[in-house]
Amino acid sequence: PISVDEIAGLIQTYNEQYREAIPLRRAALSEEIARPGFIADHVKQRRSHTCQLCNEVGFIQRNGDRYAEAHHIVELHDLVPGSYCSDNIVVVCATCHRKLHFARVVYGSGDGRNVTLSINDKPYCFERNVINQ
């Protein structure tokens, strides 16, 4: 195994090697899922840019707007009908959003009006974002 001192030495060497290096741009061709952003934007506005899991109010961006993220309960990459709908969106802070993607998440049955889930065994329940004018 490599020691902490050896790692520090390697980092120092790389820092010296790349101190004057300018990051390079490269072209990439990629595919992404189309997202009708106006739906998520509307839900975030209705929820006052407040995380539905931890109740943290979104921070103020440089442009003066509040920041919050939208998580799709049934993820868009699954290509399931209804995924775009407001009742599939939960407003979250960046931290809770990462938890929903990278922690151990177990969804409960819910009752149609509410969503229940646990993140690393901590239970949550929040109201679905059903929009009926």
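Start at 1 with the first residue, then count along the sequence.
- Side-chain atoms of N129 and R47 include a donor-acceptor pair closer than 3.5 Å.
- Connection of V130 to F126 is not established within any shared hydrophobic cluster, with ILVMFWY side chains joined at heavy-atom distances below 4.5 Å, either directly or through further cluster members.
- Proximity of E16 to Y14: side-chain heavy atoms (C-beta onward) are nowhere separated by under 4.5 Å.
- Taking every heavy atom of both residues into account, Q61 and R66 meet most closely at NE2-O, 3.3 Å.
- Checking side-chain atoms of T95 against main-chain N and O of C93 turns up no donor-acceptor pair under 3.5 Å.
- At least one side-chain heavy atom of R113 sits less than 4.5 Å from a side-chain heavy atom of E127.
- With a 4.5 Å cut-off on side-chain heavy atoms, R104 and I119 do not count as touching.
- Within 6.0 Å of CD on E32 lie no more than 12 heavy atoms contributed by other residues, nucleotides or ligands.
- The CD atom of E56 sits 9.0 Å away from atom SG of C96, with the distance rounded to the nearest 0.5 Å.
- By the 4.5 Å heavy-atom criterion applied to side chains, H72 and I89 are counted as neighbours.
- Transitive grouping of hydrophobic side chains (ILVMFWY, heavy atoms separated by less than 4.5 Å) keeps V4 and I11 in distinct clusters.
- Residues V115 and Y124 form no side-chain contact, since every pair of their non-hydrogen atoms from C-beta on lies 4.5 Å or further apart.
- Of all non-hydrogen atoms in N88 and G82, the two that sit nearest each other are CB-O, 3.9 Å.
- When the side chains of ILVMFWY residues are joined at heavy-atom separations under 4.5 Å, either directly or via intervening members, Y107 and V74 end up in two distinct hydrophobic clusters.
- A donor-acceptor pair under 3.5 Å links the side-chain atoms of Y84 to the main chain of A34, judged by distance alone.
- Atoms CD1 and OH, from I60 and Y67 in turn, are 13.5 Å apart once rounded to the nearest 0.5 Å.
- Counting only heavy atoms from C-beta outward, the side chains of L100 and L53 approach each other to under 4.5 Å.
- Between H101 and E75, the closest side-chain pair of non-hydrogen atoms falls below 4.5 Å.
- Going from atom NE2 of H71 over to atom SG of C51 covers 11.0 Å, rounded to the nearest 0.5 Å.
- Using a distance-only test at 3.5 Å, with no hydrogens or angles considered, a donor-acceptor pair links the side chain of Q52 to the main chain of V91.
- A distance of 11.5 Å separates CD1 in I73 from SG in C85, rounded to the nearest 0.5 Å.
- Note on L79 and L76: same hydrophobic cluster, where clusters join Ile, Leu, Val, Met, Phe, Trp and Tyr whose side-chain heavy atoms are under 4.5 Å apart, directly or indirectly.
- In this structure, D87 contributes its side chain and R128 its backbone to no donor-acceptor pair below 3.5 Å.
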